[in-house]
Amino acid sequence: MDANKGNIFELLNGLKQYIVPIYQRLYSWDESQYGRLWDDIVEMQKENRDSHFLGSIVCIAEKTAPTGVQKYMVIDGQQRLTTLALVLIALRDSIDGDLEKQKINTSFLMNQYESGEQKYKLLLTEEDKDVLVSLVESKPIAEGTKSKLLNAYEFFKSKIAKNEISTDSLFEATGKLQIVIITLERGRDDPQAIFESLNSTGKALSQSDLIRNFVLMGMTKEAQESLYSKVWRPFEELFGHESQDSNMDSFFRDYLTMYNHRIPNKANVYDEFKSWRINCPFASSEELCNDIYRMGKIYTDIIFARSKDQNLAELFREVKELNMGVANPFLMAVLRDNASGLVSNSDTGEIIRLCISYVLRRSICDLATNSLNKTFATLENEIKKDDYLVSLKAFFLTREGYKEFPNDEEFEKAFVSRDIYNMRNRNYILDRLENYDNKSPVDVLSMTIEHIMPQNDRLNDDWKAMLGSDWKAAHSKYLHTIGNLTLTGYNSEMSDKPFMEKMVMKGGFRQTACRLNEYIVLQSTWNGDKIEERAKLLAAKALEIWQYPNLASEQLAPYVQDKGNEPKYSLDSYRPNLLTKMFFEKLDTRIMNLSSSVRREFKKLYVAYKLDTNFTDIVFQESRLRIAINMDFSEVNDPKGICKDVTGVGRWGNGNVEVILDNLGQLDDVMDIIKQSFEKQLND
């Protein structure tokens, strides 16, 4: 490996060509990056500085004939190298003298007397290649062409036209830009390791950029071009152009979660991918890329709600509207198994509907949503592939506590009384209530939500009379509930008008072809009783839309753990004295009040408190309670210094931390530590 410092003119002068490999991303700088470069150039020149350091360019020198063009494969720094070329092109196109134009062309943009692709000192990839060649050759570019290269070129042209510095000064300043050129020796240096260690001053590579480079970098040029054009580029095109990087980063995170059943940190997806690649089920890069393409097709069908199967397309739309990204790893596995014939089309649809119901019901019942990602990440482990749908239903039916699937009674009760209007999913809920099993669906996007009883807490006399003497309480209780919400195209016109006026006015309830209004148009008054009655009717429909996973007892039996023969323990099993019993009762109340999802189990040697698994355990001792905290000692925030590290020490209970409760004055401090373990498990 050789490293030399030089300026941009030294970098480009001579018979040289810098080639951006096909696996590198397209030009991605925007004005925040190339605008900063322009400011640096102007500031350097105005301050009469001798140089300005831009960063490094890392390349691999290709073997060439002594009299031929020396080619370099650029593995890092292509963004700044391309930007400098655009500065020179803009400068050339802004000056008048033909001699000066020719000098820039033959010294820094083209290899004089060469032909074909060897003619150009910088050769980009994909559509960027054609745009840059046209700019170098001063050829017209098709109207409507969208390219970040063109954006940067036009930016520099406009800056030069404003004459912040003269063209002579700009040429001189460009020559002062310093770059470290790191040239690697093929077969000896590890380009991937060097590539990863560099700290770019430009736009940081995305996790998917790093993965692409990792997969393709080690191949021969021919193998790279073949695999990229046949598989990887079509994979990238699945994601479109808008938010492509972020969507692909999310894909790789969900792809790894699907295989590992563990969610990688967003910043560590690339590192996780490298580790997984070592023992992944794909022997060759071609097999791996084919699987990435296959799963990318499934993933983009989900996130863009598209499918040849109209039923699946509709379900994907619901998944998208519910913002159910946490379920993507599991849904990808289901759709992969569907394509492989392990699960039928009808069962696949029902599985997705159950996942939607699980998420929606929990949302209505106000159950914690931060555990859903872990639930869906590990859900495939619970599936019996020869009994796919039944095993999924059994899993949902046997969840308890904070992972439970709310039953019909719980869901109906919450649906009637919940503040639906201020829920993120309110439009989705009203859409499904309106259009479920509707052969003439209503375009909900063209309508707005209408409060039948107005939002204004200064109700007019008609509304006060209709609601009764306790109208304030009725208004507060029912305003945002489902029984008082409908859809209209005339929200502003309806405003605070009396109920019957809203009924008959232009665009009123009787004139709006909306199934949500079927009950409303039969009424002559509107009050708490009517709102409750309508809410119950809508709740009955909600039970039909978002169904509970019922199974016959004989189907469920194989999936239910038999606890009939387990020993039964109680508080008395630990023989507490008056002091330790008092400590326990106070602490137990505080722990159980953390959440309705907390489960307490009396074990043989200790009392366990758990969500998914134990987060703390209590052991009775003669005059105190010893509390095990299921965390590593390094994870605990312990400002009072009450925790003890018991890593590797034999103790009853779970975890590497313990605290002691031997007087009630410590209760708050002990609970602070227990709460940390509770929240850690809740958020994992």
Side-chain angles (χ1 to χ4, degrees), residues 367-368 370-371 374-375 378 398-404 559-684:
L367 293 175
N370 51 1
S371 65
K374 186 177 179 182
T375 298
T378 58
T398 54
R399 294 311 91 192
E400 297 177 340
Y402 76 113
K403 287 190 175 182
E404 75 166 318
Y559 298 94
V560 178
Q561 185 178 353
D562 183 10
K563 299 182 180 180
N565 296 322
E566 290 185 5
K568 304 296 184 185
Y569 300 101
S570 66
L571 180 58
D572 292 335
S573 304
Y574 313 109
R575 298 181 181 178
N577 56 40
L578 289 175
L579 182 64
T580 55
K581 186 175 182 180
M582 178 185 67
F583 290 159
F584 173 78
E585 289 174 347
K586 296 289 187 182
L587 184 58
D588 174 75
T589 299
R590 295 283 295 273
I591 296 173
M592 296 303 294
N593 283 340
L594 287 172
S595 169
S596 59
S597 301
V598 173
R599 290 180 291 130
R600 178 186 60 216
E601 293 181 4
F602 294 107
K603 301 294 187 181
K604 181 178 180 180
L605 301 173
Y606 54 82
V607 185
Y609 296 85
K610 57 178 63 181
L611 291 171
D612 191 31
T613 187
N614 301 31
F615 63 86
T616 192
D617 305 314
I618 297 176
V619 177
F620 283 82
Q621 295 185 329
E622 186 174 347
S623 59
R624 64 184 193 171
L625 302 179
R626 186 178 67 77
I627 299 126
I629 306 295
N630 199 358
M631 296 175 70
D632 290 333
F633 188 74
S634 60
E635 296 177 306
V636 179
N637 179 22
D638 180 23
K640 300 288 183 68
I642 64 174
C643 295
K644 181 179 180 180
D645 186 357
V646 292
T647 306
V649 179
R651 287 284 198 271
W652 296 339
N654 298 272
N656 296 325
V657 180
E658 76 173 26
V659 292
I660 300 297
L661 180 63
D662 56 12
N663 73 78
L664 291 181
Q666 299 171 315
L667 187 58
D668 287 343
D669 295 334
V670 169
M671 275 305 302
D672 285 343
I673 303 299
I674 292 173
K675 189 176 180 181
Q676 291 178 44
S677 184
F678 164 79
E679 291 177 343
K680 179 179 183 295
Q681 187 174 131
L682 191 64
N683 294 319
D684 279 349

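Numbering starts at 1 and runs along the sequence shown.
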Validation row: [X], [Y] side chains within 4.5 angstrom (heavy atoms):
X    : Y    : result
L571 : K581 : yes
V598 : K610 : no
I591 : T616 : yes
F583 : L667 : no
V659 : D669 : no
N663 : R624 : no
D588 : M592 : yes
Q666 : I642 : no

Hey, is the main chain of [Y] close enough, under 3.5 Å, to the side chain of [X] for a donor-acceptor pair?
X    : Y    : value
N656 : V646 : no
S677 : I674 : no
E635 : D632 : yes
T580 : P576 : no

Query - Pair Y569 + F602: ring centers closer than 6.0 Å - result: no

**Report entry** Lys/Arg N to Asp/Glu carboxylate O, K603 vs D617, below 4.0 Å
**Finding:** no

Query raised in the report: Using 4.0 Å as the upper bound for N to carboxylate O, is an ion pair formed by R626 and E658?
Result: yes

Report task. Starting from the C-alpha separation in whole Å, work towards a yes-or-no answer on side-chain contact (heavy atoms from CB on, under 4.5 Å) for T589 and L587. Result -> CA-CA 5 Å; T589 299; L587 184 58; over 6 Å; no

Requested in this report: Apply side-chain contact (heavy atoms from CB on, under 4.5 Å) to the pair S623 and D662, showing each step before the final yes or no.
Outcome: CA-CA 7 Å; S623 59; D662 56 12; 5.9 Å; no

Query raised in the report: Stepwise, does the side-chain contact (heavy atoms from CB on, under 4.5 Å) test hold for I660 with L625?
Result: CA-CA 6 Å; I660 300 297; L625 302 179; over 6 Å; no

Requested in this report: Before giving the answer on side-chain contact (heavy atoms from CB on, under 4.5 Å), spell out for F584 and V607 the whole-Å C-alpha distance, their side-chain angles and the decisive distance to 0.1 Å.
Outcome: CA-CA 10 Å; F584 173 78; V607 185; 4.0 Å; yes

Query raised in the report: Just by distance, with hydrogens left out, do D645 and T647 show a side-chain donor and acceptor under 3.5 Å apart?
Result: yes

Query raised in the report: For the residue pair F615 and F678, does the interplanar ring angle fall in the parallel (under 30°), tilted (30 to 60°) or perpendicular (over 60°) class?
Result: perpendicular

